[in-house]
Structures are given as C-alpha cells and as structure tokens.
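Structure first, then comments.
Computed from a predicted model, the values in this text were never measured in an experiment. Each chain gets a letter, A, B and so on, in the order its sequence line appears, and its residues count up from 1.
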There are 2 protein chains.
Amino acid sequence: MQLNQATDYAFRAVLHLALAGTGQVVEAQSIAREQSIPMRFLLKIMRSLVRGGIVRSYRGVGGGFALARPAQEITLLDVVQAMEGPIRVNRCLVDPRYCSRHWSQHCPVHQALGQVQSALAQALASHTFADLALGVRAGPTRG
Amino acid sequence: MQLNQATDYAFRAVLHLALAGTGQVVEAQSIAREQSIPMRFLLKIMRSLVRGGIVRSYRGVGGGFALARPAQEITLLDVVQAMEGPIRVNRCLVDPRYCSRHWSQHCPVHQALGQVQSALAQALASHTFADLALGVRAGPTRG
DNA sequence: GAATACTATACCCGTAAAGTATAGTTTAGG
DNA sequence: CCTAAACTATACTTTACGGGTATAGTATTC
C-alpha cells in the first residue's frame with residue numbers, strides 16, 4: 001500500500017518543471033542535481049512521463065524536458081498512472097482470476113474495495129501541480 | 001499501490017468469522033477450505049490478526065478462531081493495519097530520511113500525500129465487517 | 001497421555017523494485 | 001557534414017519482499 005520510489009521521484013521532477021514554467025525546457029542534468037535523483041534513473045523515469053503525455057522531451061544540444069500542458073491540468077493521479085499504470089487497490093478488482101472465491105460475482109469485499117479505490121483516485125486527482133507549486137512559493141506551512 | 005495477497009486473505013477470513021457470528025469459534029481448517037486459502041499461510045495470517053486484537057485464538061482440541069469484538073466494530077482499516085502496519089502512501093510521510101530533499105520541512109508533495117493518505121484511511125475505516133456480512137446475506141448487488 | 005489445534009522461527013523461491021551499463025539516435029552549431 | 005550534447009532503447013544486476021512451506025514446540029481436551 002505504498003507508492004514506489006520512482007513515482008516519488010516523478011512527483012519531484014514534475015514539480016520542478018512546473019516551477020520552471022509550462023513549456024520551459026530544463027535538462028535532465030539539472031533536475032537530477034537539484035532534486036537529488038540518480039541521473040540514469042531519472043532518465044528512465046522521464047521516459048515514462050513522456051509516454052504518459054505529461055512531459056515533452058527535446059533531444060540534441062540544448063534539449064531537455066518540459067511540461068506537455070499547464071501545471072493546473074496535471075494531477076498527482078496523472079503522474080501515478082503514468083508511472084505505475086491504473087491504480088488498483090486489489091488485483092481482484094481488475095483480474096477476475098482473483099475474485100472468484102466462494103462468492104464469485106457478488107463478493108462484498110470486492111464492492112467495498114471498489115469504493116475505497118474510487119476515494120483514493122479522487123483524492124489523488126484533487127491535487128494539481130499548480131497547487132503544489134503554489135505551496136512551494138508560499139513557503140513553509142507545515143501541514 | 002496495492003494491498004498484498006495476505007491482506008486480501010485476511011479480509012476473507014475475518015468476513016468468514018463475522019458470518020459465523022461474533023465469539024463463535026471456527027477452526028482454521030474450515031476457513032482455509034471454504035475460502036481457498038493455503039492452510040499454513042492462513043495460520044500465519046491469523047497470528048497477525050490475533051496480535052492486532054481483531055480475533056482471539058483457542059488452542060487444543062475443539063480450538064480455533066473467533067472475532068475478538070463485534071463485527072460492526074471491525075473495519076477494513078483495522079485489518080489492513082494489523083496485516084501491513086500503519087498505512088503510508090509514501091515513506092517520506094513517516095521516515096524523515098526520505099523527506100529532506102531540497103525543501104526539507106515544507107515540502108508540498110509531502111503535504112498533498114498526507115491528505116491523500118487521510119482520505120484513504122477514512123475510506124477504509126468506513127466499511128465494517130458487519131456491513132460486508134450484510135452484503136453477503138443480501139445476495140448479488142453487483143456494485 | 002495421546003490426539004488436536006494453534007504458536008514460533010526459520011527457511012525457500014520467484015518476482016519486482018531500484019539502479020546501472022551499453023549502444024544508438026536526434027539536433028545545434030561550427 | 002562532423003562533433004558534441006542530450007535524450008532513447010534495451011538489457012542487465014542486485015537486493016528486498018511477497019507468498020508460501022517446514023520443523024519443532026505448546027496448550028487443551030478427553
């Protein structure tokens with residue numbers, strides 16, 4: 001029940017780009033350095049974010065990465081999904097092989113977890129990187 | 001971002017006991033058989049639930065397991081915590097070693113994930129095993 | 001006191017997380 | 001058009017953990 005390290009790094013990287021400004025190209029080198037992310041691992045992460053349509057990449061001299069759309073249109077959920085695929089609290093929610101034990105179609109655990117999963121997705125979707133960037137600029141609020 | 005198999009089994013086991021009735025002793029053998037859980041693995045799981053104060057165990061001939069308190073006082077959250085420890089969406093929320101990158105105390109990612117985690121805990125806590133048991137008895141509702 | 005049923009540790013194996021390495025492709029600029 | 005900069009693709013390594021099994025032990029009932 002935990003996000004993995006790569007996803008956490010991805011949050012920092014996207015926030016970094018959001019702070020630079022939408023469309024502003026930043027090279028991996030500087031993201032890695034300032035966010036303390038191992039360079040090669042960051043590049044791997046960035047490729048997932050590119051595939052997910054969250055950032056754009058620019059190759060060659062003067063290249064780098066930039067947000068593919070405004071920060072207020074990128075949520076935590078978008079990043080989690082780009083990094084880890086669709087969220088699923090329990091594989092039984094998605095793979096019928098794991099849900100046919102004894103109650104088959106009408107399993108109450110299944111139903112309850114479905115609601116939990118929706119709540120989780122909604123919570124993740126309610127935070128945009130514009131909000132987060134604001135949080136940084138506003139200074140310490142120690143939530 | 002997924003509950004593990006042991007936790008899923010634990011849900012089934014606790015629900016099984018809830019259906020038997022609070023205080024009603026059921027032996028592991030029959031839980032394992034009816035819920036399709038490997039016997040020895042189930043015993044391991046039950047020990048976590050005992051430690052977590054969710055079920056009581058009875059040794060010796062005629063022994064087994066029973067809910068330690070009424071089903072309406074046991075939530076999905078209780079079981080998750082008994083099985084996996086306190087939920088934490090990101091280790092940075094709990095281990096300062098993982099949160100001091102660049103923004104140190106006032107990290108906006110940290111704050112946002114804190115809210116997500118609260119939402120998740122609340123969603124899990126909103127389902128009791130009395131509710132789930134009702135769902136079973138009510139028959140297929142296909143949520 | 002023997003059979004039953006849970007307890008405690010410790011072990012095993014496969015897979016995935018986390019990170020590294022090597023080779024390749026695109027682009028800017030001289 | 002060649003070179004260096006910067007991302008891409010793939011594959012590999014290492015470690016940890018999930019999922020499960022095995023062995024020996026302890027309590028309880030009859």
| remark: Quick note, P38(B) side chain, CB onward, closest among dC6(C), dT8(D), dT21(D) is dT21(D)
| request: Tell me which nucleotide among dG24(C), dG19(C), dT23(D) gets nearest to the side chain of R59(A). | output: dG24(C)
| message | Is there a side-chain contact between S57(A) and the phosphate of dT8(D), meaning an N or O under 4.0 Å from OP1 or OP2? | response | yes
| query | Does the base of dG19(D) carry an N or O that pairs as donor and acceptor with the side chain of K44(B) under 3.5 Å? | reply | no
| query | What's the CD-C1' distance between E27(B) and dT4(C), to the nearest Å? | reply | 9 Å
| task | By nearest nucleotide on DNA chain C, pick out whichever of L3(A) and V61(B) is the more 5' one. | result | V61(B)
| query | With no angle test and no hydrogens, is the base of dT7(C) tied to the side chain of R51(B) by a donor-acceptor pair under 3.5 Å? | reply | no
| request: Can you tell me the distance, in whole Å, between the OH atom of Y58(B) and the P atom of dT7(C)? | output: 12 Å
| task | Mind calculating the distance between CG (D8(A)) and P (dG19(C)) to the nearest angstrom? | result | 11 Å
| message | Output the rounded distance in Å from CE (M39(A)) to P (dA21(C)). | response | 14 Å
| request: With side chain to side chain donor-acceptor pair (under 3.5 Å) as the test, would you mind laying out the steps for E73(B) and T128(B) before giving the verdict? | output: CA-CA 7 Å; E73(B) 292 173 22; T128(B) 74; over 6 Å; no
| query | dG19(D) phosphate, OP1 or OP2: any side-chain N/O from Y9(B) under 4.0 angstrom? | reply | no
| message | Looking at Q122(B), I want to see if its CD is surrounded by more than 12 non-hydrogen atoms of other residues, nucleotides or ligands under 6.0 Å. | response | no
| query | Whole Å only: how far is the CG atom of L43(B) from the C1' atom of dA22(D)? | reply | 13 Å
| query | When rounded to the nearest 0.5 angstrom, what distance separates CG in L113(A) from OG in S118(A)? | reply | 10.5 Å
| field | Integer-rounded Å distance: dA16(C) P and Q5(B) CD | value | 14 Å
| note | Of dT23(D), dC6(C), dC7(D), the nucleotide closest to the side chain of F65(B) is dC6(C)
| task | Would you indicate what G60(A) reaches in the nucleic acid, counting non-hydrogen atoms under 4.0 angstrom: base, sugar-phosphate, or nothing? | result | base
| Parallel under 30°, tilted from 30 to 60°, perpendicular over 60°: which one fits the rings of Y9(B) and F41(B)? | perpendicular
| CD1 of I31(A) versus P of dC7(D): gap in Å, rounded? | 8 Å
| task | In whole angstrom, give the distance that lies between atom CD1 of I45(A) and atom P of dA18(C). | result | 9 Å
| task | Select one nucleotide: of dA17(C), dA9(D), dA10(C), the one nearest the side-chain heavy atoms of R47(A). | result | dA9(D)
| field | Matching residue for S57(B) among V50(B), L49(B), V25(B) - test: side chain to side chain contact (heavy atoms under 4.5 Å, CB included) | value | V50(B)
